[in-house]
Amino acid sequence: MSLAANSAQQAVGSKRKIKKLRWWILVLFLLGVTVNYLTRNSLGILAPELKASLGITTEQYSWIVGAFQLAYTLFQPLCGWLIDVIGLKLGFAICAGIWAIVSLLHAGAGSWMHLAILRFFMGAAEAAATPANAKTIGEWFPKKERPIAAGWAGVGFSIGAMLAPPIIYFTHLYWGWQGAFFFSGVLALLWVILWWLFYHSPENHPRLDKDELALIKQDNEPDAVRLPFFKALKSVSKNKRFYGIAIPAFMAEPAWAVLSFWVPLYLANERGMDLKQIAMFAWLPFLAADLGSVASGYLTKLYTRLFGCSLVNSVVASSVTGAFLMLSLAVVALTKDPYITIILISIGGFGHQVISCMLSALVVESFDKGQMATVNGMRGSFAWIASFLFSLLIGVTADTIGFNPLFVAMGFFDLIGAVFLVAFIAERRSKTRPA
């Protein structure tokens, strides 16, 4: 037995090493959240078709969206804690497997209530994506690289939404709305297999060389401490810095919910676009969001270089910049041109993703490894409480007052969040590290 074990260990140790493996791991995670958002946003793209085929009203559709958001809100801390306790590989694989299967079951939905139940279970499983994001960055990147890594990781959260309109449109064209749901579920199952085969922690990865492992571990962070679920929540809730992250997340998320679930319906009802036109243009805000994700990390470097900001203050400054860009959504109410509307919403998508990525970077910067997934899950719950409430508000008001007042509100929400970010997180001059 010992000879067999030694032989296996030698075989693992002799595997060819991959340079810059941490970035390939990030690509693997990015691919997973891309599929996550493809399955998630399929509902929004198919909303006009589903409303017609299943006789769904706008208010009933808001409850379908709300069921997903409620589950996503409730389960993010639990999924984060699960990932902290049993590990990123197994925890994320379990959750991704569940959301893939539920996506397949969408193809058999026969009523709005059936869809609402399925979306609840999908939301519960997909809630793992946000805490897994922080855990991946915290485990695989040294502190100096984490803002940039967070920016690139954020690409996955928007590229799936960007790809959803054309992919769902063409699968719907050939196989109907049932086939579109089924196709996205199959993609999710394929990714689960890739994750299980290729993801390992840095300490156990057979393809990671010693030099890169030393780079990842250079900050000498203490080993993760695993706490019981409620004790972990209590510990985080006592930390003032958590609220400096959670309140801005609360103010930011309604805009992303509108992009993900309501913009296709808005373009159909308010701008007169059909499904083909929606597929042609609805992906542009998510392309802008991808650019915002990538730009956010490099923006921190710019603030550090130009103004001598500390790492934390550069991240805060980047997030505040994103908040000012969100004012473009308020301008949507002033235009009737559908193409200018798309441009303005795209600027908002860019700004939102700058904020979102920088909030993830602050979680990784402000909390130890044993809490990162739990904290990011709690941050996500704050965000999705707002998302859930705002979707219900849209459902009961959009047919009477229209979307314009809601866009105006979204334009100013993030500036309110920025006040709390600066008050609770920004380092004062006496604490600023030298450039």
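In what follows, every heavy atom counts, from backbone to side chain, and hydrogens, waters and symmetry copies are set aside. Start at 1 with the first residue, then count along the sequence. Since the structure is predicted, the reported quantities are computational estimates derived from the model, not experimental observations.
Side chain of Ser356 to main chain of His352: no donor-acceptor pair is present (N/O by atom type, distance under 3.5 Å, no hydrogens or angles). Using modelled atom types, one side-chain atom of Asn313 and one backbone atom of Glu427 make a donor-acceptor pair closer than 3.5 Å. A donor-acceptor contact shorter than 3.5 Å links the side chain of Trp195 to the backbone of Lys89. Judged by distance alone, the side chain of Lys17 and the main-chain N or O of Pro206 form a donor-acceptor pair under 3.5 Å. Without hydrogens or angle criteria, Ser319 side chain to Val316 main chain gives no donor-acceptor distance under 3.5 Å. One N or O on the side chain of Ser42 and one on the backbone of Thr39 form a donor-acceptor pair closer than 3.5 Å. Side-chain atoms of Asp337 come within 3.5 Å of backbone atoms of Ile340 as a donor-acceptor pair (strictly under, hydrogens ignored).
When the side-chain hydrogen bond (donor to acceptor under 3.5 Å, both in side chains) test is applied to Tyr339, no partner is found at least two apart in sequence or on another chain. Residues forming a side-chain hydrogen bond (donor to acceptor under 3.5 Å, both in side chains) with Arg119 (at least two apart in sequence, or on another chain): His106. Scored by the salt bridge (Lys or Arg N to Asp or Glu O under 4.0 Å) test, Arg241 finds no partners at all (sequence neighbours excluded). Every residue was checked against the side-chain hydrogen bond (donor to acceptor under 3.5 Å, both in side chains) condition with Trp99, not counting sequence neighbours, and none meets it.
The shortest heavy-atom contact between Met410 and Ala255 is SD-CA, 3.5 Å. Between Leu118 and Ala109, the shortest heavy-atom distance links the atoms CD1-CB, 4.3 Å. A pairwise comparison of heavy atoms in Ser360 and Arg379 identifies OG-NH2, 2.8 Å as the closest pair. Of all heavy-atom pairs between Ala257 and Gln69, the closest is CB-NE2, 3.5 Å.
Taking a cutoff of 4.0 Å between a charged side-chain nitrogen and a carboxylate oxygen, Glu212 and Arg22 qualify as a salt bridge.
A tilted orientation is assigned to the rings of Phe403 and Phe407, their planes being inclined by 30° to 60°.
In the displayed structure, Phe424 atom CZ is contacted under 6.0 Å by more than 12 heavy atoms of other residues, nucleotides or ligands. Remark: Trp191 CH2 is packed, more than 12 non-hydrogen atoms of other residues, nucleotides or ligands lying under 6.0 Å away. Atom NZ of Lys301 has 12 or fewer neighbouring heavy atoms from other residues, nucleotides or ligands inside a 6.0 Å radius.
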Name the atoms and distances for all side-chain donor-acceptor pairs under 3.5 Å in residues 182-189, with sequence neighbours left out.
unit_1 : atom_1 : unit_2 : atom_2 : d
Ser184 : OG     : Ser103 : OG     : 3.1
Ser184 : OG     : Phe181 : O      : 2.8

Quiz: residues 325-332 side-chain donor-acceptor pairs under 3.5 angstrom, not counting sequence neighbours:
unit_1 : atom_1 : unit_2 : atom_2 : d
Ser328 : OG     : Leu325 : O      : 3.1
Ser328 : OG     : Leu344 : O      : 3.0
Ser328 : OG     : Gly348 : N      : 3.2

Working for side chain to side chain donor-acceptor pair (under 3.5 Å), residues Thr130 and Asn133: CA-CA 5 Å; Thr130 298; Asn133 176 35; over 6 Å; no
